[in-house]
Every structure is written in C-alpha cells, then in structure tokens.
*Asks:* 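Structure below; questions to follow.
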Amino acid sequence: MFELYFGEMSRWNDGLILTAVMSTLSVVIGFFVALPIALARSKSKGILGFLALGYVNIFRGVPLLVLMFLIYYGSGQFSRELRGLGLWWFFRDAYYCGLLALVLNTAAYQAEIIRGSLDTISASVLETNAALNLTPWTSFRRVLLPIAFAKALPPLGNEYILMVKATSLLAIITVFDLMGQARMIFSETFDLRVYYIAAAHYLVLVLLIEWALRRFEARIKWMA
Amino acid sequence: MTWLNSLSYGSGGWGDELLHGLGVTLGLAIATFPFAIVLSFLIHWAKVSRYTPVRLFGRAYTTVFKSLPEILTLLILYYQSQAIVSWVVETVAPGSHLSISPFVAGMMALAFVISAYGSEVVRAALNAVGKGQFEAAASLGLSPFNAFFKVILPQVWRHAIPGFGNLWVILLKDTSLVSVITLFELTHVATLAINTTRQPFLFFGLIAVIYVLLVTLSTRAQKQIEKRVSRGFIREENGDV
C-alpha cells in the first residue's frame, strides 16, 4: 500500500493538483457564466428568460460524461471547419474541452442556485435601493449580488464538492487528474489498492473543502 | 441524408442497437431505484440508531459515498467484488469460474451512491411527518412495525417525492458512467457506433437529446405525481391557508 503511494508520490501530487485546479476553475468560471443566466431566469419573463430556462434544462439533462464526449470527440467531426475558424487548438485539447464541459454543466446548476437566492431577497431591499436612488446596476452589484451570494453559499459549496467529484470524468477523455493518474498506475500494476489510494485522496480533499466552507459560511452568515 | 442511414433500423444502421441501449439504460435505472430507496431508509435508521457502532457506520457510509466520485465507486466495486467472487469460487470449487456482470456492479454502485443522498431525503420527510404520528400510533397500541407501514410510510411519500424525484434524475444520468465498465447501455452503444461510422457528433448529440428528453419526461411525471399526492392538502409554503 505504502509503496504504491510513496513510490508514485509525484504522480499522485500532480493528479491532486490538477483535480483541485480544474474543479476550482470550472466553479469560478461557471459562476460568472451563471450570473446572467440567473438574472434572466429571475427577472425576465420574455425571450431571455425562455432562453435561460432552455440552457438550464438542456445542460442539467445531459450526463456530464456524454457532454464531454460530445465536445471532445464530437468536435473532431468538424475539425476542418474548426481549423478554418481558428478554433481547432481549443477543441483538439482534452483539457480545454473537459473544462468547457465542466463549466457548461456547473453554470446550469449554479444559475438555478443563484436564481433561488435572488428570488428570496425581500421586496423591501429593492424599495430601499430605489429610495436611495441607486441605479439598477449599482443596486445589483453592491447590494443584491452580495446578499444573493451569501444566501447561496451553502448550496454553492455543495456544487463545488460535486464538481471536485465530477472532474474525475476528465480521466475518461485522457486528462491526468487524480482519477487519470490512478487509472494509469492501475494499468501498470493491476493492483486494486491504487483505487483505494485515489479514494482516500478524494475523501480527504472533500472533507477539507467542507471544513473550509463551514468556516467561510460562519463568517458571512450575518448577510444572508 | 446519408447520415440518416447510420441510424437506420437493421443490420446496416445503429437504430436497433441504440434502442436496445436505451432499454438497458432504463432497465438499469428502474432496477436500481427500489433498492436505493430501501437502502435510504436503512441508512437513515442506522444514523439514528441507539447503538453507537451502527450510528458510526451510517455516518461513515454517507460520508464515503457522498465524497467519492461515482466512477471511482463503480470501478472499486466492480473490481473488488470480482476479486472476492473469484476467491470464493476458487476456494469452494477450484477450477470453476464466475464473473460479476457490469449490470450488477453498476446496480450496486449506483444504489450505494443514491442511498447516501437518499438517507437525507428520508430524514427530512420523516421530520415533516412528525414524531406525533408515531406516538399516536403507539398509544393506539400499534406495534412499531404496523405503525411504520400503516401510519408513517403512507404519509412519508408526499414529502419524499421531490427529493426522490431529484435522485431519480441523477440516477438516470449516472447510468451513463456504467459504460466505462462496458455495459451495453446508451452511451456505450454510441461509442461503439462511432468506432465504425466515424460520426461522433451525430451519435453523442443524439444520445444527449435522448437523455434530455428522459429527464424532461421524468420531471413532468414527478410534477404530476406531486400534484396528485398533495390533493386535499393546503400548500403551507405559500401562506394562503
């Protein structure tokens, strides 16, 4: 057990770092993609709201693995066109494709979370903003967004943990995250304990994130 | 329209294989779900047991299966159960061979993962029914067994349907992971089809649409069931009592 870990320490660490980086990047980028979608879902009754709902339903309905396959392998069918557009460097790379799939997926879930918390902000807050003569943009950026974020933090934290687990699917499209390294080492050793070591990594990582999130939540609870 | 040929039904196209794959996907989800629900109740009871080791087991179970990626759980269960079964067969009847089917391994892994989340749905639903119902049933002289099946359970469903409905959708989508251990379900069929037809976008796009449709239908059905089971109840959350 120990030689499988210490002997391959640098690979395990590389995988751990890549898992942490990919999940964090996708959650952060996904948050900014989710914001306009959540706003459209919450405030727009017209075409924008409809499009946002369509986005959410589609990307919450497609399994992430299928979405990754669709983007990474599916783009291969259009390699000539993508080359013409100068986009091939992006779709050729499993890392970029994987990240795109993760972002599209988490943005749909985060949009619903943020919409939920935007909808629970009481009308009196909006009236106060109007009374203070804040422009809609200032009102959103300085008041609504911070409150919505504080309210949404527990479910967003949950989403972060789900994304840490979801990055493991990157291994299937040849990215060497934690899961990818585990599969690689397993293919060399055929030793099942490799997967238990990977499991221990994920367990510790998730528990650490949960602990950090609880502390952060306690600090901004007053706003929610 | 040459691309339509690759979807035709018969030996030339992949239409019949895809349909079969869809059947396996649905079959896996439908076979797993009842187990996952029963396990959810058992794990919930373990977590509120008066025996500390049982309680610890329940908590460890949820922590582990909620923290591990589903794909890792699946691989570990698949290979580990295979190793155990081979060992047992080898000791009992040397020379013979027995292998775990990907379907069974997928069922186990998905049921464990879903029930880890399901135990929380059960807790919330039982809380919503309230302790008073149990006490009232006990004071009428019902055995705990009868109290649960005749009084509590019929009321629990109404509160558990949104939670279990969500889990059903997650389960439906997670069946795609079992393609990794070569179960002949929708995603795996698409991968096979692409190896010969070289049309990845067409096939992955098609199954993506199928999954979205399945999820949409499920959500619709769930809304209908919710409406049906809450007829005769005032919706408290709107405050319009």
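The chains referred to below are lettered A, B, ... by the order of the sequence lines, with proteins before strands, and numbering in each begins at 1. Just so it is clear, the structure is predicted and the values come from calculations on it, not from any experiment.
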*Asks:* For the residue pair A:Y109 and B:K173, what are the closest heavy atoms and their distance?
*Replies:*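 Looking at all heavy atoms of both residues, the shortest contact is OH-NZ, 2.7 Å.
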
*Asks:* Select one option (side chain, backbone, both, neither) describing which atoms of B:T187 are under 4.5 Å from chain A's heavy atoms.
*Replies:*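 It is the side chain, since no backbone atom gets that close.
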
*Asks:* Quick one: closest heavy-atom pair of A:K165 and B:F65, and the distance?
*Replies:*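 Smallest heavy-atom distance, with atoms named: NZ-O, 4.3 Å.
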
*Asks:* Working to the nearest 0.5 angstrom, can you tell me the gap between B:T191 OG1 and A:Y73 OH?
*Replies:*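 Here the interatomic distance stands at 9.0 Å.
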
*Asks:* Which atoms form the tightest heavy-atom contact between A:A199 and B:I76, and what is the distance?
*Replies:*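 Scanning both residues completely, I find the closest heavy atoms to be CB-CD1, 4.1 Å.
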
*Asks:* Pick from B:F203, B:F201, B:Y211: which one has the most heavy-atom pairs with chain A under 4.5 Å?
*Replies:*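 Most pairs with chain A among the choices: B:F201.
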
*Asks:* Heavy-atom pairs under 4.5 Å with chain A - which of B:I207, B:V212, B:V215 has more of them than the others?
*Replies:*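 The answer is B:V212.
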
*Asks:* Check whether A:L203 gets within reach of chain B through its side chain, its backbone, both or neither, counting any heavy atom under 4.5 Å.
*Replies:*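 It is both, since atoms from each part get that close.
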
*Asks:* Could you look at A:L207 and say if it's the side chain, the backbone, both or neither that has a heavy atom under 4.5 Å from chain B?
*Replies:*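 Contact with chain B involves the side chain of A:L207 alone.
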
*Asks:* Non-hydrogen atoms of chain B under 4.5 Å away: do they reach the side chain of A:V206, the backbone, both or neither?
*Replies:*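 Just the side chain, heavy atoms under 4.5 Å.
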
*Asks:* As an exercise: rank A:I161, A:I71, A:L169 by heavy-atom pairs under 4.5 Å with chain B and give me the winner.
*Replies:*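 It is A:L169.
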
*Asks:* Go through the atoms of A:L70 and report whether side chain, backbone, both or neither lie under 4.5 Å from a heavy atom of chain B.
*Replies:*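 When you check distances to chain B, atoms from both the backbone and side chain of A:L70 fall under 4.5 Å.
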
*Asks:* Do B:L72 and A:R183 have side chains that get closer than 4.5 Å, going by heavy atoms?
*Replies:*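 Not in contact.
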
*Asks:* What distance do A:F190 atom CZ and B:Y79 atom OH have between them, rounded to the nearest 0.5 Å?
*Replies:*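 Between atom CZ of A:F190 and atom OH of B:Y79 there are 8.0 Å.
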
*Asks:* Decide side chain to side chain contact (heavy atoms under 4.5 Å, CB included) for A:V62 and B:V209; before the verdict, give the C-alpha distance in whole Å, the side-chain angles of both, and the deciding distance to 0.1 Å.
*Replies:* CA-CA 8 Å; A:V62 182; B:V209 170; over 6 Å; no

*Asks:* Could you tell me which portion of A:F59 (side chain, backbone, both or neither) has an atom closer than 4.5 angstrom to a non-hydrogen atom of chain B?
*Replies:*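 Contact with chain B is absent: no heavy atom of A:F59 under 4.5 Å.
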
*Asks:* Please report the closest heavy-atom contact between B:S176 and A:P63, naming both atoms and the distance.
*Replies:*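 Of all heavy-atom pairs spanning B:S176 and A:P63, the closest is OG-CB, 3.4 Å.
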
*Asks:* Could you tell me which portion of B:L177 (side chain, backbone, both or neither) has an atom closer than 4.5 angstrom to a non-hydrogen atom of chain A?
*Replies:*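 The answer is both parts of B:L177.
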
*Asks:* Strictly by modelled atom types, are B:Q80 and A:Y195 linked by a side-chain donor-acceptor pair under 3.5 Å?
*Replies:*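 Short answer, no.
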
*Asks:* For B:L75 and A:M179: C-alpha separation, side-chain torsions, deciding distance, then whether side chain to side chain contact (heavy atoms under 4.5 Å, CB included) applies.
*Replies:* CA-CA 11 Å; B:L75 287 181; A:M179 188 69 201; 3.3 Å; yes

*Asks:* Name the region of A:L162, side chain, backbone, both or neither, that has any atom closer than 4.5 Å to a heavy atom of chain B.
*Replies:*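 The side chain, not the backbone.
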
*Asks:* Tell me which of these, A:Q77, A:R60, A:E210, A:H201, has more heavy-atom pairs under 4.5 Å with chain B than the rest.
*Replies:*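 Top option by heavy-atom pairs under 4.5 Å: A:Q77.
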
*Asks:* Counting only heavy atoms not in B:F35, do more than 12 fall under 6.0 Å of its CZ?
*Replies:*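 For B:F35, atom CZ is not crowded (no more than 12 foreign heavy atoms under 6.0 Å).
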
*Asks:* Among B:P69, B:A83, B:A208, B:S179, which residue forms the greatest number of heavy-atom pairs with chain A at distances under 4.5 Å?
*Replies:*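 Max contact count across the listed options: B:P69.
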
